[in-house]
Amino acid sequence: MLKKIVKKIALGALALTCTFGCVGTFTACDEGSPEAMIVLEFNGQDYVLSYQLHNDKTPKTVNHFIWLVQNQYYDGMCIHDYQMSKNRLFTGAYSLDENGDLEYEDYYETVTSSPMLASFPHTVWGDKSQENPRYTLYGEFKENNYSVGFENSGVLKQQYGSLSMYYDTEGDENAKVWVQNMQGQLIERKEMHNSATSIFYISTITSATTNRSHCTFATLNNPYTLETLEDAIEEYIGDNEEDWFVTETPDSNNSEIIYQLPNEPIIVKSVRITKYA
């Protein structure tokens with residue numbers, strides 16, 4: 001009970017801070033920003049999360065996300081990793097098979113077979129001539145030497161319910177790719193900082209913080225709904241370790257990855273763009 005009270009106080013303080021931040025800069029509550037809706041299902045109950053997509057700060061990430069949503073890429077996927085210690089819920093890589101086991105979704109195969117492929121918003125190439133598109137995403141964050149370049153806008157902080165893209169940091173640190181920056185120039189950057197595909201995470205931290213190596217691109221409009229989902233998961237698990245499992249699942253490289261999940265799956269029923277800028 002004390003834990004829930006502390007969380008409610010922290011969320012209330014965060015919401016108040018964000019409200020005054022909107023008044024002060026106007027950028028955090030820009031009425032011209034796109035909006036999205038994510039419907040999660042857990043234990044027979046739907047949880048509808050409403051988001052503002054910050055194309056003023058992270059335009060390439062928002063365009064990438066919108067393209068995937070328009071292709072209904074995320075529909076039917078699941079939360080494949082619930083990292084309680086790191087306050088993150090990951091999705092965008094797995095669905096469930098008929099046995100209820102995690103089934104890897106091949107991002108590159110799905111994207112390159114899309115009838116909308118011609119409209120894919122490329123930002124990363126394997127060569128300066130742009131003849132080898134990577135279908136990954138330019139990392140709009142500090143460690144990738146990214147600066148927004150717009151008046152009254154800066155790096156978006158990770159906060160409760162916000163969405164951040166996941167970047168593969170396990171590859172060759174010296175590998176390079178060519179990216180298109182905010183000015184439309186082609187520049188060489190580390191591959192690991194420009195490797196995002198479809199995986200993003202929902203943050204459940206209760207204080208705003210800057211993430212130097214991940215791009216946060218959306219903020220949650222209705223934090224109470226996510227809090228309700230967290231409470232439902234916590235109540236479901238309780239002290240019964242049998243209602244929580246750790247699974248080792250092969251990824252695209254057939255490597256074993258350990259994921260934590262409740263036995264009752266958290267399904268991504270749908271993701272939709274509800275408003276365009």
Side-chain angles (χ1 to χ4, degrees), residues 14 18 21 27-28 33-34 36 38 49 51-69 73-74 77 79-94 107 121 123-124 134-150 153-173 175-177 179-182 187 189-220 223 226 251-252 257-260 268 271:
L14 179 59
C18 292
T27 58
S33 296
I38 300 177
L49 305 178
Y51 281 95
Q52 179 181 356
L53 307 178
H54 292 264
N55 58 339
D56 59 331
K57 298 176 177 63
T58 58
K60 296 183 184 300
T61 306
V62 168
N63 286 341
H64 183 92
F65 179 75
I66 287 177
W67 189 90
L68 292 174
V69 172
Y73 184 90
Y74 295 107
M77 287 193 171
I79 300 297
H80 64 264
D81 197 9
Y82 193 131
Q83 295 187 0
M84 298 180 70
S85 62
K86 295 183 179 180
N87 301 300
R88 296 173 178 177
L89 288 77
F90 283 85
T91 189
Y94 293 88
Y107 166 84
T123 57
V124 182
R134 301 298 294 269
Y135 297 97
T136 57
L137 175 63
Y138 168 47
E140 295 173 307
F141 52 82
K142 187 75 171 179
E143 286 193 4
N144 200 33
N145 297 320
Y146 172 72
S147 59
V148 177
F150 294 110
S153 62
V155 176
L156 190 64
K157 289 188 176 183
Q158 182 177 283
Q159 55 190 274
Y160 188 76
S162 62
L163 306 182
S164 300
M165 296 300 295
Y166 172 76
Y167 298 81
D168 182 8
T169 59
E170 302 299 325
D172 182 357
E173 186 175 352
K176 303 284 187 173
V177 291
V179 302
Q180 188 177 56
N181 66 10
M182 291 301 301
I187 53 179
R189 285 286 184 265
K190 288 184 178 181
E191 181 181 27
M192 61 189 292
H193 290 332
N194 302 279
S195 61
T197 54
S198 57
I199 303 175
F200 67 88
Y201 61 85
I202 302 172
S203 172
T204 59
I205 58 171
T206 55
S207 60
T209 179
T210 300
N211 194 322
R212 295 171 56 89
S213 59
H214 289 93
C215 174
T216 298
F217 64 96
T219 49
L220 182 62
L226 179 57
D251 64 1
S252 58
I257 304 179
I258 298 177
Y259 294 130
Q260 292 182 318
V268 181
V271 183

Check: Can you check side chain to side chain contact (heavy atoms under 4.5 Å, CB included) on Val179 and Thr123, steps first, answer last?
Finding: CA-CA 6 Å; Val179 302; Thr123 57; 6.0 Å; no

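- For the ring pair (Phe, Tyr, Trp, His ring centres under 6.0 Å) with Phe65, the qualifying choice from Tyr73, Tyr74, Tyr51 is Tyr74, the only one to do so.
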Notebook entry, point to check: Could you walk me through whether Arg134 and Val177 pass the side chain to side chain contact (heavy atoms under 4.5 Å, CB included) check?
Noted result: CA-CA 9 Å; Arg134 301 298 294 269; Val177 291; 3.2 Å; yes

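- Without hydrogens or angle criteria, Asn144 side chain to Gly139 main chain gives a donor-acceptor distance under 3.5 Å.
- Considering CG of Leu137 and OH of Tyr167, their distance stands at 4.5 Å, rounded to 0.5 Å.
- Between Thr197 and Leu68, the closest heavy-atom pair is O-CD1, 3.8 Å.
- Taking OG from Ser164 and CG from Leu156, the interatomic distance works out to 8.0 Å, rounded to the nearest 0.5 Å.
- Across every non-hydrogen atom of Thr136 and Asn194, the tightest pair is OG1-O, 2.9 Å.
- The shortest distance between side-chain heavy atoms of Asn63 and Asn55 does not fall below 4.5 Å.
- Here the side chain of Tyr107 pairs a donor or acceptor atom with the backbone of Tyr135 at under 3.5 angstrom.
- Considering all non-hydrogen atoms of both residues, Thr204 and Leu89 come closest at CG2-CD1, 3.3 Å.
- Ring geometry for Tyr138 against Tyr146 counts as perpendicular: the plane angle is over 60°, on a 0 to 90° scale with 30° as the lower cut.
- Not a single donor-acceptor pair under 3.5 Å links the side chain of Thr216 to the backbone N or O of Lys157.
- Although no hydrogens or angles enter the test, the distance criterion places a donor-acceptor pair under 3.5 Å between the side chain of Ser195 and the main chain of Asp168.
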Next item on the list: May I have the step-by-step check of ring pair (Phe, Tyr, Trp, His ring centres under 6.0 Å) for His214 and Tyr201, ending in yes or no?
Entry: CA-CA 10 Å; His214 289 93; Tyr201 61 85; 5.7 Å; yes

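- When atom types are taken as modelled, the side chain of Ser198 and the backbone of Gly92 share a donor-acceptor pair closer than 3.5 angstrom.
- Atom CG of Leu163 sits about 5.0 Å away from atom CD1 of Ile38, to the nearest 0.5 Å.
- Heavy-atom minimum distance, Gln180 versus Lys60: O-CE, 3.0 Å.
- The CZ atom of Phe200 sits 13.0 Å away from atom SG of Cys215, with the distance rounded to the nearest 0.5 Å.
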Margin query: Using the rule given for side chain to side chain contact (heavy atoms under 4.5 Å, CB included), can you reason through Gln260 versus Asp81, listing the C-alpha separation, both sets of side-chain angles and the distance that settles it, and then say yes or no?
Written below: CA-CA 5 Å; Gln260 292 182 318; Asp81 197 9; 4.2 Å; yes

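- With rounding to the nearest 0.5 angstrom, the NE2 atom of His54 is 12.5 Å from the OG1 atom of Thr61.
- Remark: side-chain polar atoms of Glu143 are not paired, donor with acceptor, to backbone N or O of His193 under 3.5 angstrom.
- One distance of note links CD of Gln158 with CD1 of Ile205; it measures 4.0 Å at 0.5 Å rounding.
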Margin query: If you apply the rule side chain to side chain contact (heavy atoms under 4.5 Å, CB included), what do you find for Arg189 with Lys176, and how did you get there?
Written below: CA-CA 6 Å; Arg189 285 286 184 265; Lys176 303 284 187 173; over 6 Å; no

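- Using bins of under 30°, 30° to 60° and over 60° for the plane-to-plane angle, the ring pair Phe90/His80 lands in the tilted bin.
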